[in-house]
Each structure stands twice: as C-alpha cells, then as structure tokens.
Amino acid sequence: MDKKRIYLSSPTMHGEEQKYVQEAFDTNWVAPLGPNVNAFEKEIAAYTGCGHAAALSAGTAAIHLALKLIGAGAGDVVFVSDLTFSATCNPIVYENATPVFIDAEPDTWNMSPEALKRAFEKYPKPKAVICVHLYGTPARLDEIMAICEEHQVPMIEDAAESLGSTYKGRHTGTFGKYGIYSFNGNKIITTSGGGMLVSADEEATRRATFLATQARDPARHYQHSQIGYNYRMSNVTAGIGRGQLLHLEEHKTKKKEIYRQYKEAFADIPQISMNPLNPDGDANCWLSGMLIAEGCKITPDMIMDALDAENIESRPVWKPMHMQPVFADCDFVPHHEDGGSVGEDIFLRGLCLPSDIKNTQEDMDLIIRTVRGFF
Ligand SMILES: *Cc1c(COP(=O)(O)O)cnc(C)c1O
C-alpha cells in the first residue's frame, strides 16, 4: 500500500465556507464584488484592527497596489527583505523601481535593523521599505519603524504569512502605512487564492479598490483617466474567506502546538535549533523551521530526502533574493559589516518541517523519528 502523504501546509476546510458560497450562488452574486467581499473586508478589519481593507485577487496584487499608492516608479529605490518569497519584491520591478535587498538577522530571521540602518547611509531616500514577517514570526518592528520614521519613508508590511500574529499585542500588518495578507492555498487561512491590502487610511484603500477594478472614472460611459488592474476578489472567493476566518484562531493554536512539539522533541539535540520566535510577539507559527548547527555534517538535503522517502513533504528555507539569478544585478546590504549574509547561512542550514494542522499525532511522531534518526 502507498504511504499516506504528509503535507507541509495544505488547506483545511470546515463547512461554513460552503454556507457563504451557497449564499453567493442563491443570490446570484457570482460575479465580482458583492456582499461577501464587503463583509470579508469588514471582518478582517475588525479582527486585525487594521482600520480599512481592500479584498484583492492575490497578496502579490496587494503589494503591487501598495507600491502604486506610494508612487514608486523608475529611478526609485525600494528596500525589501532579502530572505523571502519572490512575490514580496517582484511588484517593485513591475513598477520599474529598483529593489535593494536587506539581509535577515539571526534573532527573528527577518529584516535586520542594523543592515537597514546601513542601507540608509548608502541610499538616503528610498521610496518605501517592504518588511516581511517570515513564517509568521513578527520582525523587530519597533526598531524598523523607528528607522523608517526617522527617514520619513513609508513601510509596507508583507504579512502574507503572519495573519493572526501579533507584536506587543497588536496585529502584524497594522504597523506600516500599508499591510498585506495572502489567502493563497498554503497560507494559514485560504480562499483558494486571494489577498488583502489594509491601511488605517480609508481614502487609500478606496483608491486601491478603484485601481483594482480597472480605474473606471465615475461616469455612465466607460471613461478612464489612468491605467487600472483587474485585481478585485470575487464574491465566491470572499465567501470561502469568511468561513475560514471563523477558524483562524483555531488554526493558529494548532500551528503553535506543532511548533511546540518539534521544539520539545529536538530539545536534547544540540545540533538542531528551531526557527526563532520574537519574544515581543505572538507568532502564528505558520511554518515550523529547523536549523542545523554550523559544522554539523548533516545537511538539509539529507533530511529532506529521508522525509521524502516516507512521503513527507518538507521544503528548503526561502532562497534569499540576492542569490536569485533574476536579481543578480541588484544591491544587497548584509547584516554583518564584514559582508557575511545571515539569510544565506539560514538558507544553507535550514529547512521547513511539515506544519499541516491536519497531521495526526502518528504523523508528527513519524516526522520527528525520521529527523531524530540523523542525530
Ligand atoms: C504567499 C506570499 C506572498 C504572495 O501572496 P499571493 O497571495 O500568493 O500572491 C507574498 N509574500 C510572502 C512572504 C508570501 O509567503
């Protein structure tokens, strides 16, 4: 018999999603927009305390519109977290602006405030800073915000992976001028695909909605004074999101339990450490990651191969953007003054462990046994 597949992070549906989707069908709100979209925006705003929200087709679209609203374009530099998924920085290039990658720091695996400070010495007037909360762990927001405020540069928080995480009691995504969430299939809650742009500035989210619906001027005839996008979330999709949101806290509790189990299971192995959590935050633990000690002869590939042989899905840590062929010409500011890259080091020694909330205790035991077998 084939071994059961154990997933990294797959969608978990509950049933309420169908109720909202059914409502959309019953009222024939299957086309874009509609009551689920408006309600989902209000519910996310109420849950996170973000103020205002615009539901979009993807988290990537939300980052793109945030950059448009800030006015990033040709000749502008945008500082962005280096250790992340390419969707964080691709929209910078859509707008012909220039990404400058800011290294991670070891305490949270997120944007290094030290590197950010040095980046401002080299490029005093960037148009924006895009800061990621990797794997759900909040970045060192106090320090990063202070640097951005000192230089009066707006921050965009890429909270795609950290919906439900808080920093000093406040939700990630609500600190910057703009925040973005993703509801892609592997995220902590999903709409199959979708995203949200959030801001305290209501006028800004209204403008985002305008740009996301082809920038149609308020006239009876089809009139356009600027270039728009087809980035709005559909009413069916938003229905799935409303049902999922009811279970976000439950997903978070389960994800945190998965992290706790791994941490406890590897506590006696000095060569393994877990991805760090920010002591000033409460992480949603979207993905649990482990780091192999320097000098250890076990590699992430060896562990991933062994897990794969048991039909268990695992992943490398995101490959830093400054190491990507497509960004070879872009500048990178390392955490260490001597040029050493923390992100590269994490990439070479780290891996993401299965963090699917449907995994059973037997699944967890098998994963842990397989990893422990190397040490
Ligand atoms: C998933 C993700 C995105 C993109 O979100 P989509 O909804 O897939 O477009 C952006 N940034 C990070 C860090 C992500 O993990």
Side-chain angles (χ1 to χ4, degrees), residues 8-11 40-41 44 53-68 78-95 99 101-102 104 108-111 128-139 141 144 155-165 172-173 175-176 178-198 208 212 229-234 237-238 240-241 244-245 248 251 255 275 283-289 315-322 324 327 343 346-347 350 352 355:
L8 189 80
S9 183
S10 71
F40 190 35
E41 288 173 342
I44 286 281
L56 303 170
S57 53
T60 312
I63 298 172
H64 188 192
L65 291 184
L67 287 166
K68 290 226 68 109
V78 175
F79 294 162
V80 57
S81 297
D82 178 58
L83 184 61
T84 186
F85 180 44
S86 65
T88 305
C89 55
N90 282 341
I92 301 169
V93 181
Y94 301 166
E95 288 304 307
F101 298 111
I102 312 294
T108 65
W109 291 10
N110 285 311
M111 182 179 276
V129 174
I130 308 179
C131 173
V132 178
H133 305 296
L134 206 71
Y135 302 135
T137 296
L141 280 167
I144 290 165
M155 186 183 60
I156 301 169
E157 269 183 280
D158 179 348
E161 302 178 359
S162 69
L163 178 62
S165 300
T172 56
F175 288 82
Y178 297 105
I180 79 98
Y181 299 117
S182 166
F183 311 111
N184 194 13
N186 60 358
K187 298 291 169 16
I188 191 156
I189 61 167
T190 182
T191 60
S192 72
M196 195 88 77
L197 177 73
V198 302
Y229 301 87
N230 184 4
Y231 276 174
R232 199 74 163 120
M233 183 181 279
S234 94
T237 304
I240 304 174
Q244 285 273 287
L245 189 55
L248 174 53
H251 287 197
K255 294 265 190 193
N275 61 306
N284 69 5
C285 296
W286 171 59
L287 287 190
S288 288
R315 289 274 173 86
V317 170
W318 298 124
K319 183 175 181 176
M321 291 301 115
H322 82 276
Q324 301 289 349
F327 295 121
I346 294 169
F347 168 64
C352 295
S355 308

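We count ligands from 1, going down the list as the structure has it; atoms in each ligand are counted the same way. Heavy atoms only: backbone and side chains are in, while hydrogens, waters and symmetry mates are out.
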Note: heavy atom closest to atom 8 (O) of ligand 1, options Asn184, Leu134, Thr190, Val132, belongs to Asn184

What atoms of ligand 1 come closer than 4.0 angstrom to any heavy atom of Ala87? 3 (C), 4 (C), 10 (C)

Ligand-side contact atoms (ligand 1) for residue partner Ala160, heavy atom cut-off under 4.0 Å: 2 (C), 3 (C), 10 (C), 11 (N), 12 (C), 14 (C)

Do any nitrogen or oxygen atoms of Thr84 lie less than 3.5 angstrom from nitrogen or oxygen atoms of ligand 1? no

Minimum-distance protein heavy atom relative to atom 2 (C) of ligand 1: Lys187 NZ, 2.8 Å

If you round to the nearest 0.5 Å, how far is OG1 of Thr88 from CD1 of Ile180? 7.5 Å

Got a second to check how far Leu287's CG is from Asn275's CG, nearest 0.5 Å? 8.5 Å

So which protein heavy atom does atom 15 (O) of ligand 1 come closest to, and at what separation? Glu161 OE2, 2.6 Å

Could you list which atoms of ligand 1 come closer than 4.0 Å to a heavy atom of Gly194? 7 (O)

Quick one: which of Leu67, Val78, Leu197 gives a side-chain contact (heavy atoms from CB on, under 4.5 Å) with Ile156? Leu67

Answer with side chain, backbone, both or neither: which part of Asp158 has a heavy atom less than 4.0 angstrom from an atom of ligand 1? side chain

In the protein, which heavy atom is nearest to atom 5 (O) of ligand 1, and how far is it? Ser182 OG, 3.2 Å

Any Ala61 heavy atom less than 4.0 Å to ligand 1: no

Are any of the side-chain heavy atoms of Lys187 and Leu163 separated by less than 4.5 Å? no

Quick one: look at Ala58 and ligand 1, take heavy-atom pairs under 4.0 Å, and tell me if it's side chain, backbone, both or neither. both

Test item: Ile44 and Phe183 side chains (from C-beta on) under 4.5 Å apart, heavy atoms: yes

Taking only Lys NZ, Arg NE, NH1 and NH2, and the carboxylate oxygens of Asp or Glu, determine whether Arg232 and Glu41 approach each other closer than 4.0 Å. yes

Short N or O distance, Gly59 and ligand 1, threshold 3.5 Å exclusive: yes

Determine, step by step, whether Thr191 and Gln244 satisfy the side-chain contact (heavy atoms from CB on, under 4.5 Å) criterion, reporting the C-alpha distance in whole Å, the side-chain angles of both residues, the deciding distance to 0.1 Å, and the verdict. CA-CA 8 Å; Thr191 60; Gln244 285 273 287; 6.0 Å; no

Flag Thr60 as yes when one of its N or O atoms lies below 3.5 Å from any N or O atom of ligand 1, and as no otherwise. yes

Can the ring centroids of His64 and Tyr94 be said to lie less than 6.0 angstrom from one another? yes

Got Ile102 and Met111 here, is their nearest side-chain heavy-atom distance under 4.5 Å? yes

